[in-house]
Amino acid sequence: MDAFVFSDKNSFSSDVGLSTLALAETSECSEMENREGVEGLSRGLPRSQSERLLAVCKVHMQQERELQEKYHESVFATVEKVMRTSQSNQLKTLKVLQERETADVMRKLQASRHGEVKQLAKVHKDKAELDRMKREVAKSTVEKGVNECTRLKKIYEKKRAELERQHEEVRQRLEEERANIKAALQAEYNSRCSKYESGELPLSPSGGTSMPESLSENTY
């Protein structure tokens with residue numbers, strides 16, 4: 001009887017030991033599976049979840065690109081405003097210089113006419129002859145004035161055309177730079193999308209090496 005009891009106790013102890021060992025092995029296996037599952041999640045996601053995360057990444061990159069475009073557009077808008085104001089002032093300055101030079105020429109012609117009339121008054125004592133000579137001097141002065149105004153206008157128009165050509169070149173360069181920046185942002189967006197889709201970059205909206213907790217905890 002005692003031997004039987006002893007045998008039962010050994011059997012019980014053996015069962016308990018095996019159960020404990022089995023429980024420990026099961027716990028270790030569960031921990032290993034959990035670790036492998038987490039590591040596997042970082043390496044590859046189920047197709048449906050991967051597609052959803054890819055969509056989130058693309059939305060994030062799209063928003064980032066749009067913010068960059070708005071920033072650059074704001075900079076270009078400011079530059080364009082300053083540029084147009086400067087160009088407008090340059091054209092106004094050129095016009096003022098042309099008007100000032102024309103006025104100076106006309107003032108000199110008038111002074112020359114007055115000097116000639118005084119000289120004629122000293123030479124011609126006959127009033128009728130003096131009046132005729134004055135009319136000739138006045139006519140000559142008008143012709144000289146017209147010729148000078150025409151000459152100065154042609155110079156002004158030539159300078160204005162050259163200035164406007166230079167202004168147009170600056171505007172075109174600005175537009176080209178604006179288009180280049182926009183194209184570069186689009187190209188970067190397309191490149192990142194391709195890398196995410198091919199797996200070259202890890203699926204993360206922030207472009208990091210791991211999936212954010214808010215997304216990894218969300219099973220949708």
Side-chain angles (χ1 to χ4, degrees), residues 58-194 205-207:
K58 287 185 176 181
V59 170
H60 173 82
M61 290 187 296
Q62 177 71 16
Q63 292 173 344
E64 182 181 359
R65 190 194 69 179
E66 289 175 354
L67 285 175
Q68 290 176 329
E69 285 181 349
K70 287 181 180 179
Y71 166 76
H72 287 293
E73 185 56 37
S74 176
V75 171
F76 279 114
T78 301
V79 172
E80 183 176 9
K81 183 178 180 180
V82 173
M83 175 195 68
R84 291 189 178 278
T85 300
S86 176
Q87 290 180 345
S88 177
N89 289 337
Q90 288 176 8
L91 291 172
K92 288 178 181 178
T93 299
L94 183 62
K95 181 64 175 176
V96 169
L97 290 175
Q98 186 256 345
E99 291 175 347
R100 184 181 300 169
E101 190 171 0
T102 300
D104 288 342
V105 168
M106 295 305 295
R107 184 167 52 252
K108 289 178 181 179
L109 287 174
Q110 288 296 331
S112 177
R113 184 179 71 85
H114 286 306
E116 288 185 35
V117 169
K118 286 182 180 180
Q119 290 296 324
L120 289 173
K122 292 179 181 180
V123 175
H124 299 281
K125 301 300 181 180
D126 183 71
K127 186 175 182 305
E129 181 65 15
L130 180 60
D131 289 341
R132 185 183 69 79
M133 295 298 297
K134 285 181 179 180
R135 287 193 297 271
E136 289 184 1
V137 170
K139 182 179 178 181
S140 175
T141 301
V142 169
E143 289 177 353
K144 289 179 181 179
V146 171
N147 292 335
E148 283 298 307
C149 287
T150 301
R151 183 182 67 83
L152 293 174
K153 186 177 180 180
K154 287 181 178 179
I155 293 174
Y156 163 74
E157 289 177 347
K158 184 178 180 179
K159 289 182 177 180
R160 180 185 175 90
E162 176 62 20
L163 188 58
E164 288 179 340
R165 185 189 65 78
Q166 294 175 2
H167 289 173
E168 182 60 26
E169 287 182 355
V170 173
R171 288 193 291 268
Q172 287 180 0
R173 286 199 298 270
L174 181 63
E175 289 302 316
E176 288 174 0
E177 187 64 22
R178 175 183 283 167
N180 289 340
I181 291 293
K182 190 171 183 178
L185 291 175
Q186 181 66 45
E188 182 184 4
Y189 169 79
N190 294 339
S191 175
R192 290 175 66 187
C193 283
S194 298
S206 61

Side chains of [X] and [Y], heavy atoms from C-beta outward: is any pair under 4.5 Å?
X	Y	answer
L185	H72	yes
K144	S140	yes
E116	T141	no
E73	R178	yes
L174	R171	no

When you measure from the side chain of [X] to the backbone of [Y], do you find a donor-acceptor pair of N or O atoms at a distance under 3.5 Å?
X	Y	value
S194	N190	yes
S74	K70	no
S88	R84	no

So how far is it from [X] [atom1] to [Y] [atom2], rounded to the nearest 0.5 Å?
X	Y	atom1	atom2	result
K108	M106	NZ	CE	13.0 Å
Y189	E69	OH	CD	11.0 Å
Q119	M133	CD	CE	12.0 Å
Q62	L67	CD	CG	10.5 Å
Q166	Q87	CD	CD	10.0 Å

* To do: Please determine which of K95, R160, E164, H167 meets the side chain to side chain donor-acceptor pair (under 3.5 Å) test together with Q90.
  => H167
* **For C193 against M61, the heavy-atom pair lying closest together** =>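 The answer is SG-CE, 3.5 Å.
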* **side chain to side chain contact (heavy atoms under 4.5 Å, CB included) partners of L152, counting only residues at least two apart** => E101, T102, V105
* To do: Please name all residues satisfying salt bridge (Lys or Arg N to Asp or Glu O under 4.0 Å) with R100, sequence neighbours left out, ordered by chain then number.
  => none
* Taking salt bridge (Lys or Arg N to Asp or Glu O under 4.0 Å) as the test, write out the residues that go with E148, two or more places apart. => R151
* Note: E162-K158 ion pair, threshold 4.0 Å (strictly below) ->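 Salt bridge between E162 and K158, a charged N being under 4.0 Å from a carboxylate O: no.
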* **Sidechain N-carboxylate O distance under 4.0 Å for R173, E177** =>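 E177 and R173: not salt-bridged.
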* To do: Could you walk me through whether Q98 and L94 pass the side-chain contact (heavy atoms from CB on, under 4.5 Å) test, one step at a time?
  => CA-CA 6 Å; Q98 186 256 345; L94 183 62; 5.9 Å; no
